[in-house]
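All remarks here apply to the structure that follows.
The analysis underlying the following values was restricted to heavy atoms, covering all of them including side chains, and did not include hydrogens, waters or symmetry mates.
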Amino acid sequence: MDLNADGHLDILSGSYSRMDKFMAGLFQVLWGNPDGTFQSATQLVGSDGEPLIIPATEEDMVDRICTRPTAVDINGDGELDIVSGNFGGTFYVFFGDGNNRFNPSGEWLQSAGKKLHVPHHSDPFFTDWDGDGDQDMLSGSAQGGVYLFINNGTKRFPHFGPSQLIAKPSKTHGAQFGSEDLAGPQSSTRVWADDMNGDGKLDLLVGDNATLNFPAEGLTTAEAQERYNGWIARQTELSKGFADASAADNQDEINARWEAHYNELENYVRQERTGFVWVYYQK
């Protein structure tokens with residue numbers, strides 16, 4: 001998006017947190033150059049010249065870290081605004097001030113007096129989902145799934161309804177060996193909407209985070225599955241034992257037993273962290 005209206009595309013990003021006692025996920029921007037290249041990342045400041053920071057108390061710190069911004073004209077005034085998700089799963093708006101800057105005093109997106117939210121790691125995407133001419137909001141979450149917030153107001157005066165889970169999390173239970181049995185997106189979903197098949201209806205593109213297991217060298221899939229199941233059973237017993245342990249028990253010994261248990265897993269499976277992009281076609 002052209003964040004400062006200079007005719008060049010810019011790149012906007014959030015961040016987990018600055019290294020400071022007052023933790024906050026600052027916003028970074030790479031300003032576009034006339035030749036299509038980008039400048040080095042710099043902190044995005046508001047109209048007061050200070051870095052934009054989502055306001056939150058120490059108790060609500062999760063609402064200002066792991067920021068995930070998007071630039072959109074949410075109130076139809078012709079100026080880009082910034083709507084940001086965060087670790088806590090809520091949504092905060094910094095409104096454009098008319099001078100290609102952003103007012104540092106924004107507001108939370110709410111419904112019936114309560115903050116809109118998803119189960120952690122909100123990541124807003126705006127589109128006219130229901131075709132009524134205003135901006136609705138979609139979001140993924142840390143736990144997976146796709147959430148829809150319908151704008152029941154107008155383009156100029158948006159009013160979002162409560163979340164609707166329009167694509168349920170598709171978690172695989174137990175060890176997932178390879179990707180053949182995956183039925184849908186796993187965790188940490190990110191959402192985009194577009195008409196993928198040209199039928200005039202918006203479809204969902206959903207990215208995810210998945211952990212796949214492969215048999216350790218020398219084992220068949222069946223053997224690895226059996227030993228993995230045994231490993232899970234031993235982990236459950238360990239957890240029960242540690243829950244019953246008194247505060248006087250040797251913490252170093254407990255930590256050593258946990259470490260040994262997790263190191264044992266590599267004898268049965270090789271794990272690979274990856275992700276996929278899934279498509280939900282709207283009927």
Side-chain angles (χ1 to χ4, degrees), residues 1-6 8-33 37-75 79-110 114-126 137-144 147 149 160 187-192 207-209 211 273-275:
M1 74 289 294
D2 184 1
L3 205 59
N4 57 1
D6 65 353
H8 311 305
L9 291 177
D10 311 304
I11 297 175
L12 174 65
S13 175
S15 64
Y16 185 81
S17 178
R18 61 179 178 180
M19 302 301 293
D20 191 282
K21 181 179 179 181
F22 181 78
M23 294 182 67
L26 302 182
F27 302 99
Q28 308 289 327
V29 62
L30 286 73
W31 299 111
N33 296 316
T37 61
F38 296 92
Q39 301 175 26
S40 298
T42 184
Q43 293 178 6
L44 184 63
V45 300
S47 55
D48 60 356
E50 297 296 322
L52 287 179
I53 294 178
I54 296 176
T57 65
E58 286 301 315
E59 292 75 17
D60 297 325
M61 180 183 65
V62 292
D63 283 337
R64 66 168 183 255
I65 62 175
C66 197
T67 50
R68 298 181 174 189
T70 189
V72 60
D73 181 6
I74 193 173
N75 57 0
E79 300 290 337
L80 282 178
D81 312 301
I82 291 178
V83 182
S84 181
N86 51 58
F87 190 106
T90 54
F91 304 88
Y92 193 80
V93 186
F94 296 97
F95 292 102
D97 70 350
N99 296 304
N100 303 320
R101 287 288 186 94
F102 300 94
N103 193 319
S105 299
E107 63 184 44
W108 299 98
L109 291 185
Q110 299 186 15
K114 295 183 179 180
K115 295 179 183 177
L116 300 183
H117 74 281
V118 298
H120 297 293
H121 290 180
S122 45
D123 189 37
F125 178 86
F126 289 86
M137 184 173 70
L138 295 161
S139 179
S141 80
Q143 295 181 19
Y147 294 83
F149 301 85
F160 294 94
S187 61
S188 301
T189 47
R190 301 288 188 95
V191 184
W192 192 274
D208 72 352
N209 184 326
T211 299
R273 293 284 297 275
T274 186

Next item on the list: Supply the atom-to-atom distance Leu3 CG to Trp31 CH2, rounded to the nearest 0.5 angstrom.
Entry: 4.5 Å
Item checked: Spacing of Gln43 atom CD and Gln28 atom CD [to the nearest 0.5 Å] -> 5.5 Å
Return a table of donor-acceptor pairs under 3.5 angstrom between the side chains of residues 79-93 and protein atoms on other chains or two or more places apart.
residue, atom, partner, partner atom, Å
Asp81, OD1, Gly96, N, 2.7
Asp81, OD2, Ile74, N, 2.9
Ser84, OG, Arg68, N, 3.4
Asn86, OD1, Gly88, N, 3.0
Asn86, OD1, Gly89, N, 2.9
Asn86, OD1, Thr90, N, 3.2
Asn86, OD1, Thr90, OG1, 3.3
Asn86, ND2, Asp63, O, 3.1
Asn86, ND2, Thr90, O, 3.3
Asn86, ND2, Thr90, OG1, 3.0
Thr90, OG1, Asp63, OD1, 3.0
Tyr92, OH, Gly106, N, 2.8
Tyr92, OH, Gly106, O, 3.2

Check: Between the side chain of Ser141 and the main-chain N/O of Ser122, is any donor-acceptor distance below 3.5 Å?
Finding: no
Check: Is there a side-chain contact between Ile11 and Val29 (heavy atoms, below 4.5 Å)?
Finding: no
Note to self: Measuring only between side-chain heavy atoms, which start at C-beta, is Asn33 closer than 4.5 Å to His8?
What the structure shows: no
Item checked: Heavy-atom side-chain contact between Ile54 and Phe94 under 4.5 Å -> yes
Check: Does some side-chain heavy atom of Ile53 sit less than 4.5 Å from a side-chain heavy atom of Phe22?
Finding: yes
Check: Closest heavy-atom contact between Leu52 and Gly46?
Finding: CD2-CA, 3.6 Å
Notebook entry, point to check: Can you tell me how far the CG atom of Leu26 sits from the OG atom of Ser13, to the nearest 0.5 Å?
Noted result: 11.0 Å
Checklist line | Beyond-backbone contact of Pro119 with Tyr147, side-chain heavy atoms, under 4.5 angstrom | finding: yes
Checklist line | For His117 against Phe149, the heavy-atom pair lying closest together | finding: O-CZ, 3.7 Å
Item checked: Separation of Lys115 NZ from Asp60 CG (nearest 0.5 Å) -> 5.5 Å
Item checked: Separation of Glu50 CD from Leu44 CG (nearest 0.5 Å) -> 12.5 Å
Notebook entry, point to check: Minimum heavy-atom separation for Asn100 to Ala5, with atom names?
Noted result: OD1-CB, 3.4 Å
Notebook entry, point to check: Between atom NE2 of His120 and atom CD of Gln143, what is the distance when rounded to the nearest 0.5 Å?
Noted result: 6.5 Å
Note to self: So which atom in Arg64 and which in Ala56 form the shortest heavy-atom distance, rounded to 0.1 Å?
What the structure shows: NH1-O, 2.6 Å
Check: So do the side chains of Ser139 and Val191 get within less than 4.5 Å of each other, counting heavy atoms only?
Finding: no
Next item on the list: Say whether, by atom type as modelled, one donor and one acceptor occur between the side chain of Asn209 and the main chain of Ser188 under 3.5 angstrom.
Entry: no
Check: Parallel, tilted or perpendicular: which fits the ring planes of Phe126 and Phe160, with parallel below 30° and perpendicular above 60°?
Finding: perpendicular
Check: Within a strict 4.5 Å, meaning less than it, do heavy atoms of the Gln39 and Leu30 side chains meet?
Finding: no
Next item on the list: Search all heavy atoms of Val118 against all heavy atoms of Gly140 and return the closest pair with its distance.
Entry: CG2-O, 3.5 Å
Checklist line | Residue pair Arg101, Val45: steps toward the side chain to side chain contact (heavy atoms under 4.5 Å, CB included) verdict | finding: CA-CA 8 Å; Arg101 287 288 186 94; Val45 300; 4.0 Å; yes
